[in-house]
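Comments concern the structure below.
Residues: numbered from 1 along the sequence shown.
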Amino acid sequence: MKKVKEVIVVEGRYDKNALSQVVDATIVTLGGFSVFNDREKLAFLRRLADKQGLIVLTDSDGAGFVIRNYLKGALPAGKVKQAYIPDIQGKERRKRRAGKEGKLGVEGMRPDVLLEALRKAGATFEEDAGPAENKTAITKADLVLLGLSGGQDSAAKRQALLKKLDLPEHLTANGLLEALNLLYSPEELSELVKKDLY
């Protein structure tokens with residue numbers, strides 16, 4: 001499985017599931033059109049774009065292009081790559097009927113087609129990126145030590161941290177951990193928490 005440096009943005013969870021079988025990458029779901037009204041998610045995507053770069057991979061139907069065009073205007077231009085899947089007629093296995101336009105979406109694409117779409121978009125694959133950074137990850141134990149999990153007032157402290165960092169308030173515990181690891185080192189997080197929450 002190839003590792004991709006950039007964060008990949010897809011429409012929904014089935015797209016994420018299909019893509020996670022093909023590449024080792026951070027994959028963020030938009031929740032379809034709900035991204036239009038989610039300022040927190042948009043702010044989070046902007047920060048990820050600045051920190052790691054983004055690849056937008058939506059379906060090739062009209063709805064996918066509405067979402068893609070919205071993101072083009074909302075995210076920093078030089079930090080976002082566009083990955084396109086080909087127009088292939090058909091329907092995904094889990095669906096009873098094909099979509100309105102009769103095209104397969106990201107979830108219905110073969111793995112080699114998804115890899116080629118990412119390659120054409122200019123994705124940075126691990127073998128292209130040189131030696132991997134030896135970065136220490138933030139763990140759940142770190143969150144406990146910092147009072148963000150498993151302790152008195154930990155939920156309130158987590159919410160205060162999410163607000164301070166402009167992260168979506170509804171992040172799950174695993175989502176929070178993933179977001180923090182994308183944006184901060186353990187040392188940076190410790191300083192932020194001590195400075196702002198105590």
Side-chain angles (χ1 to χ4, degrees), residues 1-32 35 41-61 63-65 67-88 90 92-94 103-139 167-168 171-172 174-189:
M1 192 175 300
K2 292 188 176 278
K3 186 167 179 55
V4 176
K5 175 189 169 279
E6 293 89 355
V7 174
I8 304 172
V9 178
V10 295
E11 290 179 53
R13 63 187 172 124
Y14 291 106
D15 300 333
K16 179 178 181 173
N17 290 344
L19 200 55
S20 63
Q21 315 275 326
V22 179
V23 291
D24 176 9
T26 300
I27 303 167
V28 176
T29 59
L30 297 171
V35 72
K41 181 159 275 184
L42 210 50
F44 180 50
L45 292 174
R46 283 188 192 112
R47 292 182 64 203
L48 291 176
D50 281 335
K51 183 92 173 177
Q52 277 188 252
L54 287 181
I55 298 174
V56 176
L57 178 62
T58 62
D59 294 349
S60 60
D61 61 4
F65 274 85
I67 293 168
R68 183 186 294 276
N69 289 331
Y70 172 75
L71 292 176
K72 274 184 190 176
L75 298 173
K79 304 280 186 166
V80 180
K81 298 173 181 177
Q82 301 290 332
Y84 298 95
I85 57 171
D87 285 341
I88 298 175
E92 284 82 11
R93 269 190 249 165
R94 72 177 177 86
K103 298 176 184 177
L104 287 176
V106 170
E107 72 171 280
M109 291 291 137
R110 291 188 330 268
D112 60 312
V113 173
L114 292 173
L115 267 178
E116 186 59 21
L118 293 172
R119 192 170 281 117
K120 285 180 179 174
T124 309
F125 291 101
E126 190 172 65
E127 71 259 11
D128 305 332
E133 293 177 33
N134 212 359
K135 183 182 164 193
T136 305
I138 298 166
T139 65
L167 292 172
L171 276 178
T172 63
N174 288 336
L176 171 63
L177 202 55
E178 186 176 45
L180 292 174
N181 273 305
L182 287 168
L183 299 167
Y184 303 100
S185 69
E187 296 76 26
E188 290 168 331
L189 176 63

Legend entry - Glu11: partners by salt bridge (charged side-chain N to carboxylate O under 4.0 Å, His left out), with sequence neighbours left out: none
Inset, instruction - Return each pair, listed once, that meets salt bridge (Lys or Arg N to Asp or Glu O under 4.0 Å) where at least one residue sits in residues 111-122; pairs must be two or more places apart or across chains. - result: Arg110-Asp112, Glu116-Arg119
Legend entry - Heavy-atom closest pair, residues Ile8 and Ala25: CD1-CB, 3.9 Å
Legend entry - Heavy-atom check, side chain of Ile27 versus side chain of Leu57, under 4.5 Å: no
Legend entry - Any side-chain heavy-atom pair of Leu30 and Val10 under 4.5 Å: no
Inset, instruction - Please report the shortest heavy-atom distance between Ala123 and Val4, naming the atom on each side. - result: CB-CG1, 4.1 Å
Inset, instruction - Please name all residues satisfying side chain to side chain contact (heavy atoms under 4.5 Å, CB included) with Val7, sequence neighbours left out, ordered by chain then number. - result: Thr26, Val28, Leu48, Gln52, Leu54, Leu182
Inset, instruction - Locate the shortest heavy-atom distance separating Val113 from Pro86; write the atom from each residue and the value. - result: CG1-CD, 3.6 Å
Legend entry - Value rounded to 0.5 Å, distance of CD1 in Ile138 from CG in Leu180: 5.0 Å
Inset, instruction - Starting at CG of Leu183, measure out to CD of Glu178 and round the result to the nearest 0.5 Å. - result: 10.5 Å
Inset, instruction - Check the pair Ile85, Leu104 against side-chain contact (heavy atoms from CB on, under 4.5 Å), reporting the backbone distance first and the verdict last. - result: CA-CA 9 Å; Ile85 57 171; Leu104 287 176; over 6 Å; no
Legend entry - Asp87/Lys103 salt bridge by N-O under 4.0 Å criterion: yes
Legend entry - Any Arg94 side-chain heavy atom under 4.5 Å of Tyr14 side chain: yes
Inset, instruction - Could you note down all residue pairs passing side-chain hydrogen bond (donor to acceptor under 3.5 Å, both in side chains) where residues 15-24 supplies at least one of them, sequence neighbours left out? - result: none
Inset, instruction - Mark yes or no for whether Lys2, through its side chain, and Phe125, through its backbone, hold a donor-acceptor pair below 3.5 Å. - result: no
Legend entry - salt bridge (charged side-chain N to carboxylate O under 4.0 Å, His left out) partners for Lys81, two or more places apart: Glu6
Could you list the donor-acceptor pairs under 3.5 angstrom formed between side-chain atoms of residues 68-79 and any protein atom two or more places apart in sequence or on another chain?
{"unit_1": "Arg68", "atom_1": "NE", "unit_2": "Thr58", "atom_2": "OG1", "d": "3.4"}
{"unit_1": "Arg68", "atom_1": "NH1", "unit_2": "Val56", "atom_2": "O", "d": "3.3"}
{"unit_1": "Arg68", "atom_1": "NH1", "unit_2": "Gln82", "atom_2": "OE1", "d": "2.6"}
{"unit_1": "Arg68", "atom_1": "NH1", "unit_2": "Ala83", "atom_2": "O", "d": "3.3"}
{"unit_1": "Arg68", "atom_1": "NH2", "unit_2": "Thr58", "atom_2": "OG1", "d": "3.1"}
{"unit_1": "Arg68", "atom_1": "NH2", "unit_2": "Ala83", "atom_2": "O", "d": "2.8"}
{"unit_1": "Asn69", "atom_1": "ND2", "unit_2": "Phe65", "atom_2": "O", "d": "3.1"}

Inset, instruction - Answer yes or no: is there a side-chain heavy-atom contact under 4.5 Å between Ile55 and Val9? - result: no
